[in-house]
Amino acid sequence: MEASLSALAPQLQLARPGPLVPVLPALRTLLPQRGLRPGTAVSVGGDTALLLTLAAAATAAGTWCGAIGLGGLGLVAAAELGVRLDRFVLVEAPGERWPEVVAAMADAFGILLVRPVGPVSGAVAARLGAVARRTGCVLLVAGPWPGAQLCLEVVDRSWTGVGRGRGRLRARRIQVTAAGRGAAARGRTVELWLPDEDGTISPVEPPMAGTGPVADGARGPLAVV
């Protein structure tokens with residue numbers, strides 16, 4: 001593992017992000033600075049798709065992304081969400097040594113998607129946070145993270161296209177809460193299509209004044225999953 005990272009390091013370092021790591025336009029309202037600040041940790045709860053989507057624009061812009069502990073991750077699904085697989089490295093099962101893997105990869109990757117093994121202690125989070133600040137790496141963590149600058153949580157999700165027990169799933173609607181420290185202290189709630197009927201990530205537009213619920217035959221009711 002260390003030898004492989006050493007071989008990749010020269011080309012990875014060329015892909016270092018700038019002042020802000022970009023995100024897809026639909027996700028900017030979730031972030032107080034409308035992008036990901038290098039050297040910070042973001043906790044993402046309740047949805048692996050949102051975790052992946054946060055890295056999509058960065059990989060398209062040339063940033064390398066590593067995923068640690070996300071065993072069973074569907075690479076086809078990741079690509080459909082916009083992640084560039086030619087700039088994506090997956091370490092499926094780091095085991096109990098996942099903190100060491102994170103620390104090693106932070107030197108070469110602009111973004112790390114991390115699913116810790118078990119609860120994360122304050123000491124481990126502080127140590128890896130210091131590594132992230134030193135290297136400029138963004139940590140996107142699946143689940144709680146002590147001291148995270150931003151916490152995103154998917155609190156509701158539903159699908160369109162299933163009516164009266166039948167139909168084809170066409171779009172997924174999620175509701176995300178965002179809270180954190182500093183500029184993120186004022187919490188917010190955002191609704192997104194992830195994805196919409198065209199397979200893209202887009203904000204849920206508020207209904208036009210005077211319009212009622214969409215008829216079943218037009219789009220189909222939401223079915224909570």
Side-chain angles (χ1 to χ4, degrees), residues 1-24 27 31 35-118 120 124-125 127-145 148-150 152 194-195 199 201:
M1 177 66 187
E2 292 182 359
S4 299
L5 289 176
S6 297
L8 283 172
Q11 57 180 305
L12 293 176
Q13 293 292 348
L14 294 176
R16 271 300 189 197
L20 280 180
V21 179
V23 297
L24 296 174
L27 303 180
L31 309 173
L36 295 167
R37 176 65 61 186
T40 60
V42 178
S43 168
V44 182
D47 199 87
T48 302
L50 177 60
L51 186 78
L52 287 165
T53 304
L54 283 165
T59 61
T63 298
W64 280 79
C65 175
I68 301 166
L70 294 173
L73 177 67
L75 294 181
V76 172
E80 290 176 347
L81 290 169
V83 176
R84 283 277 303 270
L85 297 185
D86 59 342
R87 292 192 175 274
F88 186 79
V89 175
L90 175 62
V91 181
E92 289 189 337
E96 298 295 332
R97 298 190 62 187
W98 67 267
E100 286 77 9
V101 178
V102 172
M105 294 180 69
D107 277 322
F109 288 76
I111 295 180
L112 290 179
L113 313 180
V114 183
R115 178 174 288 152
V117 177
V120 181
V124 168
R127 177 164 62 86
L128 294 180
V131 171
R133 289 189 296 273
R134 175 177 59 81
T135 61
C137 178
V138 176
L139 301 181
L140 298 177
V141 184
W145 186 264
Q149 283 75 20
L150 181 66
L152 305 179
L194 200 165
I201 316 304

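We're numbering straight along the sequence, starting at 1. Bear in mind the structure is a predicted one, so any value in this text is a computation, not a measurement.
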Closest heavy-atom pair and its distance - [X], [Y]:
X: Val117; Y: Gly95; value: CG2-O, 3.4 Å
X: Pro22; Y: Ala57; value: O-CB, 3.7 Å
X: Gly82; Y: Thr59; value: O-OG1, 3.9 Å
X: Pro38; Y: Gly136; value: CB-O, 3.2 Å
X: Ala58; Y: Val21; value: CB-CG1, 3.4 Å
X: Val120; Y: Pro144; value: CG2-O, 4.4 Å

Separation between [atom1] of [X] and [atom2] of [Y], rounded to the nearest 0.5 Å:
X: Glu100; Y: Leu128; atom1: CD; atom2: CG; answer: 8.5 Å
X: Cys65; Y: Leu85; atom1: SG; atom2: CG; answer: 10.0 Å
X: Leu140; Y: Ile68; atom1: CG; atom2: CD1; answer: 11.0 Å
X: Leu31; Y: Leu54; atom1: CG; atom2: CG; answer: 6.5 Å
X: Trp64; Y: Leu112; atom1: CH2; atom2: CG; answer: 13.0 Å
X: Asp47; Y: Leu152; atom1: CG; atom2: CG; answer: 11.0 Å

Does [X] use its side chain to pair, donor to acceptor, with the backbone of [Y] at less than 3.5 Å?
X: Thr63; Y: Gly110; value: no
X: Arg87; Y: Gly62; value: yes
X: Arg37; Y: Pro19; value: yes

For Leu73 and Glu92, what are the C-alpha separation, side-chain angles and deciding distance, and is it a side chain to side chain contact (heavy atoms under 4.5 Å, CB included)? CA-CA 8 Å; Leu73 177 67; Glu92 289 189 337; over 6 Å; no
Side chain to side chain, Val131 and Val102, heavy atoms closer than 4.5 Å: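 Val131 does not reach Val102 side chain to side chain.
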From the options Leu70, Val141, Val42, select the one residue that forms a side-chain contact (heavy atoms from CB on, under 4.5 Å) with Leu51.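 Single pass found, and it is Leu70.
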May I have the step-by-step check of side chain to side chain contact (heavy atoms under 4.5 Å, CB included) for Leu27 and Leu50, ending in yes or no? CA-CA 9 Å; Leu27 303 180; Leu50 177 60; 4.1 Å; yes
